[in-house]
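I have placed the structure first, in the form of structure tokens, so that the comments after it can refer back to it.
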Amino acid sequence: MANHVMFRSDNLAGTTQGKYLVSIRIDADIDNGMLVAVGAYETGSREVKQCTSIAATTEIGDIAVLGSEEVNKEVSFDTVNGFTNKKGSIARGYVLEHGDCFSVTAGAFSTIPTVGATIYAEVGKNTMTNAADDGAASGKVNNVKIGKCEAIEKDGATTWYVIRVA
């Protein structure tokens, strides 16, 4: 079984305030702890929104970190590090708010951060990076600032990167 990104909702607004939770239709297999842009409601739906790509103009309040319930009762010996949100399923997303704090494992990053590093959502991807992209010489679009890596914690064999949204 492959290891997948693991997610902790340490201190997210959505853990106590329902207005920061969103149901999102997943358009490809994707792990918890990955970022998505929250799109419009699905046609005819009052609760399920579409998953879209993060653009350079996407704002914090339109970005969600995926955090679905990891237990799949149909799979025996299912584990947290073996879970992924399947294409076509409805996932739980925590809409990011300034001051939020969450933790993820290394797979959520294209470049692994150090403590104090500024964290960005990568445009057109679901991953985070600590590499600034000013768009100047590279021809790329700017990444979207999420916040800072506040701590790196070890829990047995698992390393958690604690992200504070700013």
(request) Taking the side chain as every heavy atom from C-beta outward, state whether Ile24 and Val36 have any atom pair closer than 4.5 Å. (result) yes

(message) Would the distance check show the side chain of Asn85 and the main-chain N or O of Ala91 forming a donor-acceptor pair, the cut-off being under 3.5 Å?
(response) no

(request) Over all heavy atoms of both residues, which pair between Val162 and Ser103 is shortest? Give the atoms and the distance, please. (result) CG2-OG, 3.3 Å

(message) Quick check for you: to the nearest 0.5 Å, what is the distance between Arg164 atom CZ and Cys101 atom SG?
(response) 4.0 Å

(request) Take Thr127 and Glu122 through the test side-chain hydrogen bond (donor to acceptor under 3.5 Å, both in side chains) and record every step on the way to the result. (result) CA-CA 6 Å; Thr127 51; Glu122 293 190 282; 2.5 Å; yes

(message) Could you tell me if the side chain of Leu66 sits less than 4.5 Å from the side chain of Ile26, heavy atoms only?
(response) yes

(message) Looking at every non-hydrogen atom in both residues, tell me the closest pair between Ala64 and Val22 and how far apart they are.
(response) CB-CG1, 4.2 Å

(message) Using 0.5 Å steps for rounding, measure from the CD1 atom of Ile152 to the CD atom of Glu150.
(response) 12.0 Å

(request) Would you mind reporting whether Ile63 and Val95 have side-chain heavy atoms less than 4.5 Å apart? (result) no

(message) Quick check for you: to the nearest 0.5 Å, what is the distance between Cys149 atom SG and Met128 atom CE?
(response) 9.5 Å

(request) Establish, from distance only, whether the side-chain atoms of Thr84 and Asp29 form a donor-acceptor pair under 3.5 Å. (result) no

(message) Side chains of Val104 and Phe102, heavy atoms from C-beta outward: is any pair under 4.5 Å?
(response) yes

(request) May I have the step-by-step check of side-chain hydrogen bond (donor to acceptor under 3.5 Å, both in side chains) for Thr15 and Ser9, ending in yes or no? (result) CA-CA 7 Å; Thr15 59; Ser9 60; 5.9 Å; no

(message) Show the nearest heavy-atom pair for residues Asn143 and Ala121, with the distance to one decimal.
(response) CB-O, 3.4 Å

(request) Report the residue from Thr58, Thr57, Thr52 that forms a side-chain contact (heavy atoms from CB on, under 4.5 Å) with Ile54. (result) Thr58

(request) Kindly determine whether Glu97 and Lys19 satisfy salt bridge (charged side-chain N to carboxylate O under 4.0 Å, His left out), including the steps that lead there. (result) CA-CA 11 Å; Glu97 174 68 17; Lys19 69 180 183 178; over 6 Å; no

(request) Mind checking the CG-CD1 spacing from Leu35 to Ile146? Nearest 0.5 Å is all I need. (result) 5.5 Å

(message) As an exercise, state the distance from OG1 of Thr105 to NE2 of His4, rounded to the nearest 0.5 Å.
(response) 10.5 Å

(request) Search all heavy atoms of Gly33 against all heavy atoms of Phe7 and return the closest pair with its distance. (result) N-CB, 3.7 Å

(message) Do Phe83 and Asp31 make a side-chain contact, defined as non-hydrogen atoms from C-beta onward lying under 4.5 Å apart?
(response) no

(message) Applying a strict under-4.5 Å side-chain criterion to I, L, V, M, F, W and Y, I'd like to know whether Val115 and Ile112 cluster together.
(response) yes

(message) For the aromatic rings, using the six-membered ring if either is Trp, is the centroid distance between Phe109 and Tyr161 under 6.0 Å?
(response) yes

(message) Whether Lys145 engages the ring of Tyr120 as a cation-pi pair (distance to the six-membered ring centre under 6.0 angstrom, angle to the ring normal within 45°) should be assessed.
(response) no

(request) Taking the side chain as every heavy atom from C-beta outward, state whether Tyr94 and Tyr20 have any atom pair closer than 4.5 Å. (result) no

(request) State, with a plain yes or no, whether a side-chain heavy atom of His98 is found less than 4.5 Å away from one of Ile60. (result) yes

(message) As an exercise, state the distance from CD1 of Ile90 to OG of Ser68, rounded to the nearest 0.5 Å.
(response) 10.0 Å

(request) Can you see which heavy atom on Lys148 is nearest to which on Ile119, and at what distance? (result) C-CG1, 3.8 Å

(message) One thing to verify: whether Arg8 and Glu153 come together as a salt bridge, which I'm taking to mean a side-chain N less than 4.0 angstrom from a carboxylate O.
(response) yes

(message) Closer than 4.0 angstrom, basic N to acidic O: yes or no for Arg25 and Glu42?
(response) yes

(request) Spell out, as yes or no, whether a donor-acceptor pair under 3.5 Å connects the side chain of Thr129 to the backbone of Ser110. (result) no

